[in-house]
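Following: one structure in structure tokens, then a few remarks.
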Amino acid sequence: MSGKGYRVLSVPSHFEYEDIRSRLEKPGFWKEISVLETVDSTNTYLLNRADSGVTSAIAVADAQISGRGRMGRRWHSPPGKNIYMSMLVPLRVPPAKAPVITIVAGLSVASVLWEDLGIDCRVKWPNDVYLGGKKVCGILSDMVAELDATRCVIIGIGINVNSDSRDFPGEFRERVISLKEFSGKDIMRVDLLCSIIDRLMGNLERFARDGFEVFLDEWNRYSYLKGKTVIVDTGEGEVRGEVKGIHPERGYMMVESPDGKSVEVVSGRVRETGEN
Ligand code: BTN
């Protein structure tokens, strides 16, 4: 492991508003920064704020009672140890391109973990972050849409920072990992949180200006699945083949089937076959 690391003098078990505000690069950009002890879900909280007309906001919680995962699943949110954060950002994107936002978010997390902490993780399409074959971070985006484009996006990020596998129900323990379990060190959540917010904001500005194509090198660098043989359950059937890359505008996963055909996978559950 390399990287600049963070202070590990003490690890407070709660977030504080001033602590977060003072570390952000552009605190004035955010109309609201909500630091919550417990919330149902930080994404749901910001959906309500967007309904009330707020256009830029951050919500951070020490615990979530009904943390939401992808595909209607639950996100287990043990109190005081991990990061549960959502960002509400005014971003106009046509619906077909909206899925790449979560990919940009995954790359933002992966690059901060590598550059700041020297932790070399991988992004598993579409937007999980993996460490040594186990999930360390999940991302869920909600779109506040108008007819032809999003008006705002809410990007929710959950990172297992200082949790222990025993904080999770039995069936998850083998599949999740925390940064602390990986590195053997307590990690200062607020430093990591603010680095990720700043990096993601910078990357969203870059995406709005230059499109997704400029992130392809980074995707190749951090990709967990590239070159692996996978089976994707798309909901309408299974696609099997080798992952070749990602669509340069829409973020679809490009899979080459055994007969050499290229298939674009828009969404689905991915499993590795273990062949390569
Ligand atoms: C997944 O991998 O299924 C996505 C998990 C996303 C979890 C985060 S935690 C902060 C935000 N609030 C939620 O309710 N979910 C996201």
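Atoms within a ligand are numbered from 1 in the order they appear, just like the ligands themselves.
- In this structure, the protein non-hydrogen atom closest to atom 3 (O) of ligand 1 is R70 N, 2.6 Å.
- Ion pairing of E205 with K26 is present here, as a side-chain N (NZ or NE/NH1/NH2) and a carboxylate O approach within less than 4.0 Å.
- Taking a cut-off of under 4.0 Å to the non-hydrogen atoms of M85, the atoms of ligand 1 that pass are 10 (C).
- Protein heavy atom closest to atom 2 (O) of ligand 1, with residue, atom name and distance, is K135 NZ, 2.6 Å.
- The protein non-hydrogen atom at the shortest distance from atom 8 (C) of ligand 1 is G158 N, 3.6 Å.
- Within ligand 1, the atoms closer than 4.0 Å to a non-hydrogen atom of D128 are 2 (O), numbered from 1 in the order shown.
- A donor-acceptor contact shorter than 3.5 Å is absent between the side chain of S165 and the backbone of R173.
- In this structure, R189 pairs ionically with D62, as a charged nitrogen and a carboxylate oxygen lie closer than 4.0 Å.
- Using bins of under 30°, 30° to 60° and over 60° for the plane-to-plane angle, the ring pair F168/H76 lands in the perpendicular bin.
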Acceptor/donor pairs from residues 97-113 side chains to any protein atom, 3.5 angstrom cut, sequence neighbours excluded:
unit_1	atom_1	unit_2	atom_2	d
T102	OG1	P99	O	2.8
T102	OG1	N127	ND2	3.3
S108	OG	V104	O	2.8
S108	OG	N203	ND2	2.9
S111	OG	L107	O	3.0
S111	OG	S108	O	3.1
S111	OG	R199	NH1	2.9

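- Residue, atom and distance of the protein heavy atom nearest to atom 10 (C) of ligand 1 are T42 OG1, 3.2 Å.
- Scanning all protein heavy atoms for the shortest distance to atom 5 (C) of ligand 1 gives W75 CE3, 3.3 Å.
- Ring-plane geometry between H247 and Y252 is classed as tilted, the angle between the planes lying from 30 to 60 degrees on a 0 to 90 degree scale.
- Think of Y45 as one node in a network of Ile, Leu, Val, Met, Phe, Trp and Tyr side chains linked at under 4.5 Å; its network also takes in L36, V39, L46, L47, V54, L88, V144, I154.
- When the heavy atoms of I139, N43, I159, I65 are ranked by distance to atom 4 (C) of ligand 1, first place goes to I139.
- Looking at ligand 1, you'll find an N or O of Q64 within less than 3.5 Å of one of its N or O atoms.
- Not a single N or O atom of Y84, backbone or side chain, sits closer than 3.5 Å to an N or O atom of ligand 1.
- Residue-ligand proximity, G67 to ligand 1, at heavy-atom distances under 4.0 Å covers atoms 14 (O).
- Between R68 and ligand 1, at least one N/O pair is under 3.5 Å apart.
- Residue contact check: G69 has heavy atoms under 4.0 Å from atoms 1 (C), 3 (O), 4 (C), 5 (C) of ligand 1.
- Contact record, W75 with G158: CZ2-O, 3.5 Å, taken as the closest heavy-atom pair.
- Remark: ligand 1 atoms within the under-4.0 Å shell around heavy atoms of S41 are 12 (N), 13 (C), 14 (O).
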